[in-house]
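One structure is given here, and the rest of the page talks about it.
Every chain is numbered from 1 and lettered A, B, ... according to where its sequence line falls, protein lines coming before strand lines. Quick note: numbers below take in every heavy atom, side chains included, and nothing from hydrogens, waters or symmetry partners.
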There are 2 protein chains.
Amino acid sequence: MLKVGRLADYGVLILHHLGRMRPVRLSMESLSEVTHLPLPTVRKVMKFLVDAELVVSKRGPNGGYQLARPPEKVNLAEAIAAVEGTLALTECCDAAGTCEIHDRCDLASRWPGVNAIVMRVLERTSLADLDRFGRHETHIPPPLRELMGAPPGGLGRS
Amino acid sequence: MLKVGRLADYGVLILHHLGRMRPVRLSMESLSEVTHLPLPTVRKVMKFLVDAELVVSKRGPNGGYQLARPPEKVNLAEAIAAVEGTLALTECCDAAGTCEIHDRCDLASRWPGVNAIVMRVLERTSLADLDRFGRHETHIPPPLRELMGAPPGGLGRS
DNA sequence: ATAATAGTATACCGCATGAGTATTGAATGC
DNA sequence: GCATTCAATACTCATGCGGTATACTATTAT
């Protein structure tokens with residue numbers, strides 16, 4: 001189903017909210033309330049986000065979390081990766097992949113390319129870009145348009 | 001981890017192979033051998049591919065499967081969807097979604113937009129395009145370049 | 001200093017999902 | 001009618017993931 005796990009989804013949701021609230025600091029409890037997610041779940045997610053340095057935390061009374069960077073500078077790829085680890089469409093794409101067929105598979109060398117493209121789509125979509133997506137229209141963030149307009153032969157890094 | 005299931009991966013592998021062999025007809029047993037996948041697994045996958053009308057089957061002696069369309073006309077989105085059902089990054093994107101937060105979620109209306117873009121990337125990448133992906137370079141299939149509405153004359157790469 | 005606040009770290013459970021397998025049935029062609 | 005090959009169903013099993021509980025540590029206001 002090509003899905004991102006719920007926790008990662010929650011992560012994006014929380015990051016997005018923190019982005020809108022910046023630079024206000026929000027406690028886990030506040031986040032739990034505003035997102036309607038159970039507190040223990042929020043706890044779990046926040047740990048990932050802190051480890052990934054996407055949010056900064058402060059303890060004590062009046063502590064809480066705030067987005068480490070402006071929302072334009074946080075992309076979906078890193079948000080998802082923070083929670084779920086390396087993004088990999090297939091095992092072939094994962095560094096720690098353990099596909100038994102790998103050696104004899106015609107596609108083992110092809111999947112990473114596909115993976116890279118999907119990744120870039122996510123990389124070039126920021127938390128701020130999310131606000132521009134409506135339910136039915138497909139707004140395309142400028143950085144993405146640029147990506148796809150790249151000359152044949154691939155872009156940038158290889 | 002944003003992954004596609006193994007069965008779907010197998011599906012693409014098989015479709016790709018059928019594409020290269022077209023219009024030769026291949027039995028499940030042959031497919032099992034050439035892909036190094038267990039026969040029962042191939043059976044399972046083929047059912048999905050037939051139901052989705054991506055391959056046509058023929059029974060009896062000298063029966064087998066062949067790709068229903070030329071490989072340029074079969075894209076990754078439908079290949080994956082054939083095995084895994086509707087592609088949906090999150091529950092919000094799924095028609096049959098049952099997200100408890102949905103009503104109160106800030107992003108419920110935004111995810112489908114992101115989903116749509118990723119989908120298009122997959123839609124515009126055909127089985128034939130796979131051959132153009134090398135391990136380390138990121139070739140972008142022409143239909144994909146065109147997709148994002150790149151201004152005429154194209155843009156320099158980032 | 002102390003208490004209240006709030007983040008940090010672990011450890012556990014149960015269920016849903018998906019991978020893999022086996023068996024039996026139906027169609028085709030010689 | 002018999003060999004061949006696909007079709008359909010049903011089942012097991014393990015893994016992963018979502019969800020939860022609990023105890024601990026750090027910070028700061030007063």
B:Arg43 vs A:Ser57, nearer the 5' end of DNA chain C by closest nucleotide: A:Ser57
Check salt bridge (Lys or Arg N to Asp or Glu O under 4.0 Å) between A:Arg20 and all other residues, then give those that pass, not counting sequence neighbours. A:Asp131
Where B:Pro71 and B:Gly19 come nearest, the two heavy atoms and their spacing: CG-O, 3.9 Å
Tabulate protein N/O versus nucleotide N/O from nucleotides 10-19 of chain C, keeping only pairs under 3.5 Å, one per line.
unit_1: C:dA19; atom_1: OP1; unit_2: B:Arg6; atom_2: N; d: 2.8

Starting from the 5' end of DNA chain C, give me the residue, B:Pro38 or A:Met46, whose nearest nucleotide shows up first. A:Met46
Is the shortest side-chain heavy-atom distance between B:Thr125 and B:Asn75 below 4.5 Å? no
Does any part of the side chain of A:Leu122, heavy atoms only, come nearer than 4.5 Å to the side chain of B:Val114, both counted from C-beta? yes
Show me the donor-acceptor pairs within less than 3.5 Å that the side chains of residues 60-70 of chain B make with the rest of the protein, sequence neighbours left out.
unit_1: B:Arg69; atom_1: NH1; unit_2: B:Lys73; atom_2: O; d: 2.8
unit_1: B:Arg69; atom_1: NH1; unit_2: B:Glu78; atom_2: OE2; d: 3.1
unit_1: B:Arg69; atom_1: NH2; unit_2: B:Glu78; atom_2: OE1; d: 3.3

Write down the protein N/O and nucleotide N/O pairs, taken from nucleotides 26-30 of chain D, whose separation is under 3.5 Å; answer none if there are no such pairs.
unit_1: D:dA26; atom_1: O4'; unit_2: A:Arg59; atom_2: NH1; d: 3.0

Proximity to DNA chain C (any heavy atom under 4.0 Å), residues of residues 14-29 of chain B only: none
Side-chain polar contacts of residues 38-57 of chain A - donor-acceptor pairs under 3.5 angstrom, sequence neighbours left out - could you list them?
unit_1: A:Lys47; atom_1: NZ; unit_2: A:Asp51; atom_2: OD2; d: 2.8

Distance check, rounded to the nearest 0.5 Å: A:Cys93 atom SG versus B:Lys3 atom NZ? 12.5 Å
Atom-to-atom span, CG of A:Leu39 to P of D:dT20 - whole angstrom: 11 Å
Output all residues satisfying salt bridge (Lys or Arg N to Asp or Glu O under 4.0 Å) with A:Arg6, sequence neighbours left out; order by chain, then residue number. B:Glu91
Atom-pair distance (CD1 on A:Ile101; C1' on C:dG20), nearest Å: 13 Å
Within-4.5 Å side-chain heavy-atom neighbours: A:His16 and B:Asp106: yes
Applying side chain to side chain contact (heavy atoms under 4.5 Å, CB included), name anything that partners A:Ala79, two or more places apart in sequence or on another chain. A:Val12, A:Leu15
Measure from CD on B:Glu91 to P on D:dC17 and round the result to the nearest Å. 15 Å
So does B:Leu89 get a backbone contact from the side chain of B:Asn115, meaning a donor-acceptor N/O pair under 3.5 Å? yes
Here the side chain to side chain donor-acceptor pair (under 3.5 Å) pairs for residues 25-38 of chain A, sequence neighbours left out, are A:Ser27-A:Ser30
Interatomic distance where OH belongs to B:Tyr65 and P belongs to D:dT4 [whole Å]: 18 Å
Rounded to 10°, tell me the angle between the two end axes of the helix from C:dA1-D:dT30 to C:dC30-D:dG1, each built from five pairs. 20°
B:Asp129 (side chain) donor-acceptor with B:Ser126 (main chain) under 3.5 angstrom: yes
How many Å lie between CZ on A:Phe48 and C1' on C:dA9, as a whole number? 12 Å
